[in-house]
Amino acid sequence: MLYFPLPETKSLSVPKGKSGCIGLDPALHGKELQTRLAHELGHCEYGGFYTRLCPLDTVERHEYRANKWAVERAIPFDELQKAVKAGCSTPWELSDYFDVTEEMVQFALTYYLERRGYALPSPQE
């Protein structure tokens, strides 16, 4: 992992060997740092680096897969269920609980509930 100014992207990952190398802007901190690091690790762990040389390769596809990888590790569904049972019922509460951004929580909810068809318990159930 390397820290250097990335004023436009704030983070990036590039292929290196069998995984990759991550660059993070040193200004990142807290939830934003956690979320971006999980996302970039997703690119490295599943090998999701896009290239202009492959016409079927899309940025959106790789970004979705990196986000999916990140959510499955930063907000595992069984832990999300526990958080909801404990009373976390809003995206900002879940964001605080998991120490990630609200955007990542929203992605997790969409991914688990709409894409995977999972259901969450009622709070305090």
Heavy-atom pair of closest approach, residues [X] and [Y]:
| X | Y | value |
| --- | --- | --- |
| C44 | F49 | CA-CZ, 3.8 Å |
| I75 | A108 | CD1-CB, 3.9 Å |
| A74 | V100 | CB-CG1, 4.2 Å |
| P5 | P26 | N-CD, 3.8 Å |

Joint hydrophobic cluster, Y111 plus Y97, side-chain heavy atoms closer than 4.5 Å: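 Result: yes, single cluster for both.
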Single-linkage hydrophobic cluster L94~L120, side-chain heavy atoms < 4.5 angstrom: yes
Connected hydrophobic set around L6, excluding itself, where side chains approach under 4.5 Å: L2, F4, L12, V14
Residues which pass side chain to side chain contact (heavy atoms under 4.5 Å, CB included) with T101, listed by chain and number, not counting sequence neighbours: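 For T101, the residues satisfying side chain to side chain contact (heavy atoms under 4.5 Å, CB included) (neighbours in sequence not counted) are K31, E32, T35, E103, M104.
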Under the side chain to side chain contact (heavy atoms under 4.5 Å, CB included) test, residues paired with L24 that sit two or more places apart: M1, Y3, S11, I22, L28, L33, L37
Evaluation steps, side chain to side chain contact (heavy atoms under 4.5 Å, CB included), between E63 and H39: CA-CA 8 Å; E63 293 303 313; H39 173 85; 2.8 Å; yes
Nearest-0.5 Å distance, NZ of residue K68 to CZ of residue R116: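 Answer for the NZ-CZ pair, K68 versus R116, is 7.0 Å.
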Gap separating the CD atom of E40 from the OG atom of S13, nearest 0.5 angstrom: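 One gets 4.0 Å once the value is rounded to the nearest 0.5 Å.
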Results of side chain to side chain donor-acceptor pair (under 3.5 Å) for K16 - residues two or more places apart only: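 With sequence neighbours excluded, K16 shows a side chain to side chain donor-acceptor pair (under 3.5 Å) to no residue whatsoever.
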Is a side-chain donor or acceptor of [X] paired with a backbone partner of [Y] at a separation under 3.5 angstrom?
| X | Y | result |
| --- | --- | --- |
| H43 | A66 | no |
| T110 | Q106 | yes |
| E72 | W69 | no |

Give every donor-acceptor pair under 3.5 Å between a side-chain atom in residues 76-84 and any protein atom, sequence neighbours left out.
unit_1: E79; atom_1: OE2; unit_2: K82; atom_2: NZ; d: 3.3

Evaluation steps, side chain to side chain contact (heavy atoms under 4.5 Å, CB included), between Y46 and H62: CA-CA 10 Å; Y46 87 84; H62 289 291; 3.1 Å; yes
Results of ring pair (Phe, Tyr, Trp, His ring centres under 6.0 Å) for Y64 - residues two or more places apart only: F107
